[in-house]
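Here the structure comes first, spelled out in structure tokens, and everything after it is commentary.
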Amino acid sequence: MGQEGGGASGRGRCRWPAGLGDEDGLPVASLGALGPWRQGMADSAQAQELVYLVTGGCGFLGEHVVRMLLQREPRLRELRVFDLHLGPWLEELKTGPVQVTAIQGDVTQAHEVAAAVAGAHVVIHTAGLVDVFGRASPETIREVNVQGTQNVIEACVQNGTRFLVYTSSMEVVGPNIKGQPFYRGNEDTPYEAAHRHPYPCSKALAERLVLEANGRKVRGGLPLVTCALRPTGIYGEGHQIMKDFYHQGLRLGGRLLRAIPASVEHGRVYVGNVAWMHVLVARELEHRAALMGGQVYFCYDHSPYKSYEDFNMEFLGPCGLRLVGTHPLLPYWLLLLLATLNALLQWLLRPLLLYAPLLNPYTLAVANTTFSVSTDKARRHFGYEPLFSWEESRARTIHWMQAGEGSTQ
């Protein structure tokens with residue numbers, strides 16, 4: 001459901017295998033978009049060595065961003081990884097040529113954020129509480145996602161850090177609670193973003209803070225340059241929800257029951273391509289501030305448009321699961337009744353225990369509403385092309401699923 005990673009610590013390790021490509025290890029299909037990258041390599045001897053901070057750097061997306069920076073940003077001198085829970089895999093990164101600094105901290109604590117930002121040239125803010133199932137209270141979601149983002153902005157202003165990239169979400173836009181389809185839309189497509197759920201509300205507020213901060217004077221008098229990236233539903237190595245669906249299928253004897261019409265279309269994007277877009281944006285903000293500052297970009301690649309269930313079966317099928325039924329086995333009204341009962345049970349049980357089922361009114365509405373994007377704004381503005389093809393993205397995800405029932409490799 002629009003998982004963009006976040007501050008929650010990733011479990012295990014996400015290895016970053018070398019891709020098929022030219023002598024630099026770059027996939028051949030992406031070479032046309034990498035003029036700025038090659039220029040950066042040529043100028044690296046003269047370029048200023050940079051300090052990057054990645055908040056939520058041990059989360060699902062954050063770990064991929066960290067590894068991508070180490071592989072694809074030649075000007076990097078120090079990479080700071082800020083997270084509430086630090087992953088043990090960070091130790092293996094500390095032996096390389098780039099200084100990797102692990103910082104345990106909480107984005108809701110302004111002084112901890114300010115200390116981590118001090119001296120950084122670029123901040124990639126992926127930290128966030130991704131919760132559409134009701135595991136956390138609305139107050140906690142708002143504190144992490146909204147106040148945490150405000151703390152990052154203020155730390156940039158106080159410390160003179162000029163470049164801030166924010167991981168937003170497609171759920172800032174939709175799907176909305178009215179079930180209105182968003183079919184192959186772009187960043188300018190009119191759509192009523194009607195939200196009630198705490199998570200999309202918090203992401204919308206945080207994104208607005210980031211965009212409104214563009215142009216603020218930071219310490220030293222120069223302007224802050226910000227932009228926000230909106231991934232559609234992210235998949236790939238380390239995806240917790242994919243693991244949850246896998247284990248749910250195992251409990252049902254290797255079967256998943258179709259609940260969503262195959263005609264519902266969703267856009268999904270591979271986590272490696274989302275990480276790559278973050279790295280490109282961070283690199284180009286300085287050179288294209290007038291164009292990119294204050295902008296939002298959907299994160300996309302060439303993954304096929306399918307329903308959530310049919311798309312997930314691209315990976316769960318090779319792992320031994322099968323999807324039962326060509327049409328939903330239960331009518332929508334009955335699913336809505338079950339989702340509503342789940343929400344009621346969650347409310348009644350909250351004082352006693354945590355009940356957070358996958359099915360609730362919000363997740364049902366999202367899964368049953370078409371939301372897909374068709375845009376080239378990122379390509380036009382900063383030369384983005386997906387680093388990983390659909391075939392490679394699928395193969396990597398299947399390999400991860402098969403390697404240990406969803407444990408990160």
Side-chain angles (χ1 to χ4, degrees), residues 1-12 55-63 83-87 104-109 125-149 167-172 175 177 195-207 231-236 238-251 256 259 271 308 312 335-336 338-368 405-408:
M1 305 297 171
Q3 303 297 306
E4 82 277 15
S9 200
R11 298 181 183 180
T55 70
C58 292
F60 170 40
L61 173 61
E63 180 180 346
D83 205 304
L84 188 60
H85 305 287
L86 298 177
Q104 187 168 18
D106 186 342
V107 291
T108 68
Q109 302 300 310
H125 178 38
T126 77
L129 181 51
V130 183
D131 182 17
V132 295
F133 304 116
R135 297 186 178 108
S137 69
E139 294 76 20
T140 301
I141 293 173
R142 183 183 178 95
E143 183 181 16
V144 173
N145 293 348
V146 181
Q147 186 58 53
T149 299
T167 307
S168 187
S169 170
M170 73 168 191
E171 292 178 53
V172 165
I177 58 174
H195 296 309
R196 292 176 186 165
H197 193 278
Y199 173 69
C201 287
S202 72
K203 295 300 289 187
L205 286 171
E207 181 187 274
T232 54
I234 305 179
Y235 68 93
H239 187 205
Q240 180 62 43
I241 294 181
M242 191 74 74
K243 184 191 295 185
D244 293 341
F245 281 127
Y246 176 75
H247 288 295
Q248 182 184 65
L250 291 181
R251 290 193 296 270
L256 291 170
V271 64
Y308 270 112
N312 288 345
L335 288 173
L336 182 58
L338 293 173
T340 304
L341 288 174
N342 275 338
L344 179 61
L345 275 173
Q346 185 176 67
W347 180 74
L348 290 173
L349 295 173
R350 184 170 290 280
L352 304 174
L353 57 88
L354 177 63
Y355 177 64
L358 296 178
L359 179 65
N360 62 49
Y362 179 72
T363 59
L364 180 65
V366 169
N368 278 273
E405 299 183 358
S407 61
T408 8

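Numbers for residues simply follow the sequence, beginning at 1.
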[X] [atom1] to [Y] [atom2] distance, which is reported to the nearest 0.5 Å:
X: S137; Y: D131; atom1: OG; atom2: CG; result: 9.0 Å
X: N145; Y: T108; atom1: CG; atom2: OG1; result: 11.0 Å
X: L349; Y: L344; atom1: CG; atom2: CG; result: 9.0 Å
X: F133; Y: Y199; atom1: CZ; atom2: OH; result: 11.0 Å
X: S202; Y: E139; atom1: OG; atom2: CD; result: 12.0 Å
X: D83; Y: E63; atom1: CG; atom2: CD; result: 10.5 Å

Minimum-distance pair of heavy atoms, taken over all atoms of [X] and [Y]:
X: A339; Y: P361; result: O-CD, 3.3 Å
X: V107; Y: H125; result: CG1-CE1, 4.4 Å
X: V144; Y: L129; result: CG1-N, 3.7 Å
X: P231; Y: S168; result: CD-O, 3.4 Å
X: V132; Y: E171; result: CG1-OE1, 3.9 Å
X: R135; Y: A356; result: CG-CB, 3.5 Å

Examine distances only and state if a side-chain atom of T55 and a backbone atom of A127 form a donor-acceptor pair shorter than 3.5 Å.
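Checking the backbone N and O of A127 against the side chain of T55, a donor-acceptor pair under 3.5 Å is found.
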Quiz question: by atom type and distance under 3.5 Å, do the side chains of D244 and Q240 form a donor-acceptor pair?
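Looking only at side-chain atoms, Q240 and D244 do form a donor-acceptor pair, the distance falling under 3.5 Å.
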Please determine which of H197, K203, R196 meets the side chain to side chain contact (heavy atoms under 4.5 Å, CB included) test together with P200.
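Single side chain to side chain contact (heavy atoms under 4.5 Å, CB included) partner of P200 among H197, K203, R196: H197.
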Does any non-hydrogen side-chain atom of N360 lie less than 4.5 Å from one of T363?
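Yes, at least one pair of side-chain atoms sits under 4.5 Å.
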Side chains of N312 and Y246 in contact at under 4.5 Å (non-hydrogen atoms):
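The answer is no, as the side chains (C-beta and beyond) never meet within the 4.5 Å cut-off.
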Starting from the C-alpha separation in whole Å, work towards a yes-or-no answer on side-chain hydrogen bond (donor to acceptor under 3.5 Å, both in side chains) for Y355 and N342.
CA-CA 8 Å; Y355 177 64; N342 275 338; 2.6 Å; yes
Determine whether L256 and Q248 satisfy the following criterion, side-chain contact (heavy atoms from CB on, under 4.5 Å), listing intermediate values before the conclusion.
CA-CA 8 Å; L256 291 170; Q248 182 184 65; 3.7 Å; yes
